[in-house]
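What follows is a short report on a single structure.
In what follows, every chain begins at residue 1, and chains take the letters A, B, ... in the order their sequences are listed.
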Amino acid sequence: MRWSQAFIPTLRESPADVESPSHRLLVRAGFIRRLGSGLYAYLPPGQRSLLKIAGIIRAELGAAGAQEFFLPLPHRHSVGRDTGGPARSGDGLSSVEDRSGPASAADIPHEAAFTELFRREIRSYRELPQVWYQIHAGLCDELRLKPGPRRLRQSLRMDSCSFDRDPSGLDRSYRLHYDLLCRTFTRCGLKVDTVEASSAGTDCSQSVDFVVRMGGGEDCVISCSCGYAANLECATSRISEVADEPACGAPRRVPTPGQKTISEVAAFLGAPATHQIKSLVYIAGDKPYLFLLRGDHQLNEAKIRAFAGNMAGRQARPDEIRELFGADAGSLGPVGISGMPIVADYALRGRQNMTCGANQDDFHLQGVTPDVHFRPVWADLRAAEPGEDCSRCGRPLGMYRATRIGYLRKLATASRESGAATVLDAEGKQVPVAVGNYGIDLERILSSVVELCHDDDGIIWPGTIAPFAVVLTPVNYRESVKAAADKLYEEMQGAQLEVLLDDRQERPGVKFKDADLVGIPYRVVLGAEKVSRGQAELFERASRKTELVDLASVIPALQSRLLGSVPV
RNA sequence: CGGGGCGUGGCGCAGUCCGGUUGAGCGCGCCUGGUUUGGGACCAGGAGGUCGUGAGUUCAAAUCUCACCGCCCCGACCA
């Protein structure tokens, strides 16, 4: 490609509203442009890199025996309804309206389409295992969009499904994908961590996220030196012990005028936060839920989804709380409450003689004992926090921010009913198939690499996903230098090197700055003096080191370096 | 969905409070000519704007009012 003909619109200055270094560099280097909130166009350099990533994924999946599909995007109601359930507002699915009907889900989970095909076409256990995948632009109805290429209405991703005849087969498919994702990320130049992921809402028995550590990441990971690592959404920690005074008789109602928060009540009644019950009301699917925690603990909202029909709950409004409890939020408690589920965190189990709201403004109850004065459902609701003790080894937990770029899920076969994929086993009986889901987000790979691999001058691509392998930079595109550049350009193309010839009528400084910004791994510089001696400069972007090479050995030198830079 | 902010050549901004000498400017980029040519050159000339859209107030609106649209931030936390 000749740079004079290429569309690589580099910018000297940064646009406003950049949210991260990767966002700024991808825009400045001409890889992406925003077309709307959460909508980014990938320009030719960006598309080239995305295709490189897709190529790596296809190669790894192909080597593992997976087969690629091309699935339709705007499914009608019928597809996915059986298996994926109806599209609900706020469930992360976009919807569209068209001539053939009212709003229909525009983005049924890929496993719904795969499962549909499987049910129609696969009959016998002898046809298993199957691993099916597609690489496509999926839609996502983000509640909160952010500028930058990581929270999008649309994202390019790989989704795959494995179908096995039994759990041990699923174990193999899962392991296959685990290894394959690891190799894919490594080849893209990323170091990844695997962390336990929330299984809420996805109905799965095992769930792992692949994440890249980075400051601006949208996920939090709780981790421990013993190897425990989990997404904050599902992380746990050891519950600190609290000693209780023995309970005596029925709860006592005490006046607490104007005392609403946990800390106010603690000061007023002398009841420490650890001896209080925190009562939180959520509404999900028009139904109220009462969640109880120890006063010093925080609710993890991701964990409550399992109790709210997997729907996104919201905190109840003040008017709803008053209608349900006859009191305001500062005076709520579980005693005497019926007509709604009461879910209590494990940290309250076995406790006694605690303090909570009396469901009457300005009054609290003391001497309340769970399982005696109210009967909750027990669950893990508490948000783990850094500094608490690891539930495995007892050492203090750490936390870091990260971006999720891939996942593995084993679907729970037992709970799959009418929509389940089945086959006939050796005895001719219908048996459920063990299904796994796996995914990779290609755009996040791209932006994560830039986030982690750049310097003040621009992007530093790993050779595997760079838009071009080498940029050929004649200092002046004239006379002997032009002749040498044209000749070398032809030879590089003949050698299958992805070369960009900077034939623009620009000063050398502009060419160097642009090449650094775009981040092309190698640069071959041709200047009049060196060319007259049959030499060229070979510049490596990552190390910023230059060496003199004979013109005749430029191509072999590049080839050996590029091969060396490809891991696995 | 709630609260706040912004919208001025391709990009970044000033001007808006206090309506009128501002024929709407500046930096970067872009075009032409010339001088340059190893890390974002210089000189001269030039193109490019429904001041987000629509209505209103006024002798007069980028500037004041209302509505709508778009975008950004914060909150509700989503894959």
| Under 4.0 Å between a side-chain N/O of A/Arg12 and OP1 or OP2 of B/rC28, yes or no? | no

| message | From C-beta outward on A/Lys530, which listed nucleotide comes closest to its side chain: B/rG40, B/rG38, B/rC72? | response | B/rG38

| For B/rC72, does OP1 or OP2 lie under 4.0 Å from any side-chain N or O of A/Arg34? | yes

| query | Is the base of B/rG38 touched by the side chain of A/Asn476 through a donor-acceptor pair closer than 3.5 angstrom? | reply | no

| task | Record whether the side chain of A/Arg544 comes under 3.5 Å of the base of B/rG39 through a donor-acceptor pair of N or O atoms. | result | no

| message | Nearest to the A/Arg507 side chain among B/rA41, B/rC78, B/rG40, which nucleotide is it? | response | B/rA41

| remark: Which of B/rC72, B/rC78, B/rG12 is nearest the side chain of A/Ser37? It is B/rC72

| Mind checking whether A/His177 and A/Tyr407 have ring centres under 6.0 Å apart? | no

| query | For the residue pair A/Phe114 and A/Phe69, does the interplanar ring angle fall in the parallel (under 30°), tilted (30 to 60°) or perpendicular (over 60°) class? | reply | perpendicular

| message | Taking A/Glu529 first and then A/Arg533, would you say they form a salt bridge - that is, a charged N and a carboxylate O separated by under 4.0 Å? | response | yes

| request: Could you check whether A/Asp457 gets within reach of a base, just the sugar-phosphate, or nothing at all, counting any heavy atom under 4.0 Å? | output: nothing

| query | How is A/Glu529 classified with respect to the nucleic acid when contacts are heavy atoms under 4.0 Å: base, sugar-phosphate, or nothing? | reply | nothing

| field | Counter-base of B/rU53, judged by Watson-Crick or G-U geometry with both distances under 3.5 Å | value | B/rA67

| task | Assign A/Arg33 to base, sugar-phosphate, or nothing according to its heavy-atom contacts below 4.0 angstrom with the strands shown. | result | nothing

| request: Counting Watson-Crick and G-U wobble pairs only, both distances under 3.5 Å, name the nucleotide matched with B/rA62, or none. | output: none

| Taking the six-membered ring for Trp, are the ring centroids of A/Phe31 and A/Trp461 within less than 6.0 Å of each other? | yes

| query | How about A/Tyr438 and A/Phe210: are their ring centres within less than 6.0 Å of each other? | reply | no

| note | Any strand, both distances under 3.5 Å, Watson-Crick or G-U wobble: B/rG2 pairs with B/rC74

| field | Nucleotide forming a Watson-Crick or wobble pair with B/rC42, both distances under 3.5 Å | value | B/rG34

| request: Can you check whether any acceptor in the base of B/rG40 is under 3.5 Å from a donor in the side chain of A/Arg504, or vice versa? | output: no

